[in-house]
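Quick note: residue numbers are just sequence positions, from 1. All values derive from a computational prediction rather than experimental measurement. Counting starts at 1 for both ligands and their atoms, in listed order.
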Amino acid sequence: MDTKGAEMAFAAETTAQMKTETAQKRGRTLLNLKCVDATSGLLGKTLLVLEPSKGGIFPPHKFGSHDVVALKANRAEASTAALGEGVVYRVKDNAITVAMDDVPEEGLDAPLRMEKLANEVTYRRLKDTLTELHKGVRKGPATELVPVLFGDKYPTFAKKPITFTPFNQLLDQSQQAAVAKALAAKDVMLLHGPPGTGKTTAVVEVITQEVKRGSKVLACAASNIAVDNLVERLVQNRVKVVRMGHPARLLPQVLESALDAQVLKADNTSIATDVRKEIKQLSSKLLKTKDRREKGELTRDLKRLAKEEKKRQTQAVVDVIKDADVIASTLTGALTQRLKDTSFDLVVIDEAAQALECACWIALLKGRRCVLAGDHLQLPPTVQSAEAEAKGLGITLFERLDAMYAAQATSMLTMQYRMNSEIMRWSSDELYGGKIGAHPTVAKHRLCDMDGVTACNATEAVLVGLLKEMRANRKQIAAVEISTVDGFQGREKEAIVISMVRSNPEGEVGFLSDERRMNVAVTRARRHCAVVCDSDTVGKNAFLKRMVSYFEQHGEYLSAMEYLSA
Ligand SMILES: Nc1ncnc2c1ncn2[C@@H]1O[C@H](COP(=O)(O)OP(=O)(O)OP(=O)(O)O)[C@@H](O)[C@H]1O
């Protein structure tokens, strides 16, 4: 990680180094924009709406929600300071909305260009954390935890079994056992949640129980969406939760939990607002007065008031954070200055098997104990540098700890609430030692039980036909989504069609052979899973061969010839 690596190089490919036209071609800059609207509203931020100057739609580009962007005059030199920076809030074909802290005072009425900025803050935070770890953690809340996570000390648990009254009455036995283990953990516990087993449900119970016993909890995940998911459910349990992060990156349904929203409501904020009004009045008095003594007095007062305003604003943030039972943030977001002096009894990381180990450390250094929830038998985070991956960045902390401490520290959830048991059994037998069961509500559900579906075979044929047609016409049909497996992790659909497009005489199966990828692909399906493949090619790989024969045995097998004549 100390060499910059491919990811850093990619991020550093800033538009500043490219000609603006080249940058526009690469989708990192949009030229000739006009600002058509500026409204305040998003928790004190201003939303600017930008459209192509000549109307119509934007050329192809790479701007997406949450990107950090700079606005400049359309033809400004690359080195010219930006009119302002903001975060992309919404992207449509013909308009992009950007949330800004401070609206540029001038320049918005002229043609503009928008540049995508490399998110260097994240890299700096990862690097700073690694440097701190490298120096050795001799003080702070995680002093006792660090040796356990590096394999120098075994994890320990309370001697007496923990009993608790679940908030969620529906928790199954394996979820209850996992929660009890988490509550008993003195340093680390791994909550292993295979597909559809309600890992987040168990995590929310752990956090709620911890709050009940007086703990302050840091709840994290690598992605904003996973953090918002936790926040939504914790709010339902009436837990006092504060969501860190830029409001433009949060789902609208969790905005009320945002730090900014709660700070706006704080007493110290209304005092700061009053002080600001007073400052305005005194400033205009100062401009009018000719009296030297009065000028001196007013200047002194203004200085004092400015200090007071700042103090009240800072105190409002400190109070909200202090008063919260749970602070929720992304892993890298946990390194904010605002949490610098806050430590936690417990750090919970959801989707830990999809997070880089160094990102986990940002959060872990803030807590005495930790619970990591995830499934290392699904796909790990993407690492763009092959070298970094080979040197260990591709192994997650969850996987590493499970390899060291599975017997002591891991509790696996064993009841799943998504798949028909035939779909589930392949994954359970191949990857989870045959330990997973299907809840009765899903065990037998099939596509043909759904309203409007009459014949399952016909539906399969339609699905496959549809897929071909969409590929050919490159168009999206409502209710059908096309995605790579990697992009679909964490999601589910009633029916999944897996296209294993490889077909060659050498039997090269490439990335299909990653068991975790196939595990993710198959386990997205609730009621129906169809695989389209060249069985000769994929049959050269033992794992895929077993998979195809499982489908042959337990499902329906049709050759291409049979489909063509169907
Ligand atoms: N004990 C339970 N009883 C009934 N339904 C449950 C139970 N636990 C989880 N579920 C349901 O299972 C689904 C998945 O649960 P949840 O959202 O907690 O899992 P996840 O962590 O997001 O996904 P996954 O388990 O695939 O990792 C949800 O619809 C949830 O309501």
Side-chain angles (χ1 to χ4, degrees), residues 164-180 182 189-209 219-237 239 251 253-254 328 348-355 371-381 396 398-399 402 410-421 423-424 426-428 431-432 435-445 485-494 496 516-527 529:
F164 67 99
T165 314
F167 279 86
N168 181 348
Q169 307 289 324
L170 293 175
L171 287 193
D172 63 47
Q173 261 185 353
S174 69
Q175 288 169 330
Q176 289 193 28
V179 174
M189 183 266 172
L190 302 173
L191 200 161
H192 184 191
T197 52
K199 170 176 54 65
T200 308
T201 302
V203 164
V204 167
E205 183 73 24
V206 170
I207 297 173
T208 313
Q209 292 291 341
C220 294
S223 67
N224 275 295
I225 190 97
V227 179
D228 286 348
N229 186 11
L230 277 176
V231 172
E232 248 192 303
R233 299 199 200 187
L234 288 167
V235 169
Q236 282 165 15
N237 280 7
V239 170
L251 289 178
Q253 55 268 41
V254 302
V348 176
I349 304 181
D350 197 8
E351 301 194 346
Q354 281 173 266
V371 169
L372 307 187
D375 180 14
H376 53 297
L377 302 173
Q378 295 181 58
L379 288 165
T396 62
F398 188 96
E399 189 179 355
D402 186 74
T410 302
S411 189
M412 184 166 91
L413 305 182
T414 53
M415 177 72 76
Q416 65 83 26
Y417 300 84
R418 175 183 300 152
M419 292 159 269
N420 167 310
S421 51
I423 302 174
M424 172 208 77
W426 168 76
S427 160
S428 174
L431 292 122
Y432 303 100
K435 290 191 184 128
I436 316 291
H439 192 262
T441 49
V442 300
K444 293 201 170 75
H445 66 184
V485 178
D486 302 43
F488 212 69
Q489 182 147 310
R491 312 256 320 267
E492 63 175 34
K493 285 276 176 188
E494 299 299 343
I496 293 281
R516 299 170 298 183
R517 184 166 282 109
M518 270 307 139
N519 186 30
V520 172
V522 172
T523 59
R524 301 308 93 201
R526 285 171 48 77
R527 297 166 186 264
C529 182

Original post:
What residue and atom, counting heavy atoms only, is the protein's closest point to atom 20 (P) of ligand 1, and at what distance?
Top reply: Thr200 OG1, 3.4 Å
Original post:
Does an N or O from Gly196, backbone or side chain, lie closer than 3.5 Å to an N or O of ligand 1?
Top reply: yes
Subject >> Point-to-point distance, once rounded to the nearest 0.5 Å, from CG of Asn237 to OG1 of Thr208 >> reply: 4.0 Å
**OP:** Kindly state if atom 28 (C) of ligand 1 has a protein heavy atom within a strict 4.0 Å cut-off, that is, under 4.0 Å?
**Re:** no
Subject >> Ligand-residue contact atoms, ligand 1 with Asp172, heavy atoms, under 4.0 Å >> reply: 1 (N)
Original post:
Got an N/O contact under 3.5 Å between Tyr417 and ligand 1?
Top reply: yes
Subject >> Top protein contact for atom 23 (O) of ligand 1, by heavy-atom distance >> reply: Arg418 NH2, 4.4 Å
**OP:** Do me a favour and list the nearest non-hydrogen protein atom to atom 15 (O) of ligand 1 with residue, atom name and distance?
**Re:** Gly198 CA, 3.3 Å
Original post:
atom 18 (O) of ligand 1: which protein heavy atom is closest, and how many Å away?
Top reply: Thr201 OG1, 2.4 Å
Subject >> Which segment of Leu171 sits under 4.0 Å of ligand 1 when only heavy atoms are counted >> reply: backbone
Original post:
If you count the atoms of ligand 1 from 1 in the order shown, which ones are under 4.0 Å from a heavy atom of Leu170?
Top reply: 1 (N), 2 (C), 3 (N)
Subject >> Numbered atoms and elements of ligand 1 in range of Arg233, under 4.0 angstrom, heavy atoms >> reply: 16 (P), 17 (O), 18 (O)
Subject >> Rounded distance (nearest 0.5 Å) linking atom OG1 of Thr523 with atom CE of Met424 >> reply: 11.5 Å
Original post:
Among Thr197, Asp375, Thr414, which residue meets the side-chain hydrogen bond (donor to acceptor under 3.5 Å, both in side chains) test with Tyr432?
Top reply: Asp375
Subject >> Test: Arg524 and Glu492 ion pair at under 4.0 Å >> reply: no
Original post:
Atom CG of Asn168 and atom CD of Gln236: how far apart are they, to the nearest 0.5 Å?
Top reply: 10.5 Å
Subject >> atom 8 (N) of ligand 1 - nearest protein heavy atom and its distance >> reply: Gln175 NE2, 3.0 Å
Subject >> Main-chain N/O of Arg526 paired to His445 side chain as donor or acceptor, under 3.5 Å >> reply: yes
**OP:** Would you tell me whether Thr200 and Asn229 have side-chain atoms, one donor and one acceptor, within less than 3.5 Å of each other?
**Re:** no
Original post:
What heavy-atom pair brings Val485 and Arg517 nearest, and what distance separates the two atoms?
Top reply: CG1-O, 3.3 Å
**OP:** Supply the atom-to-atom distance Met419 CE to Arg527 CZ, rounded to the nearest 0.5 angstrom.
**Re:** 13.5 Å
Original post:
Would you say atom 31 (O) of ligand 1 touches the protein, meaning some protein heavy atom is under 4.0 Å from it?
Top reply: no
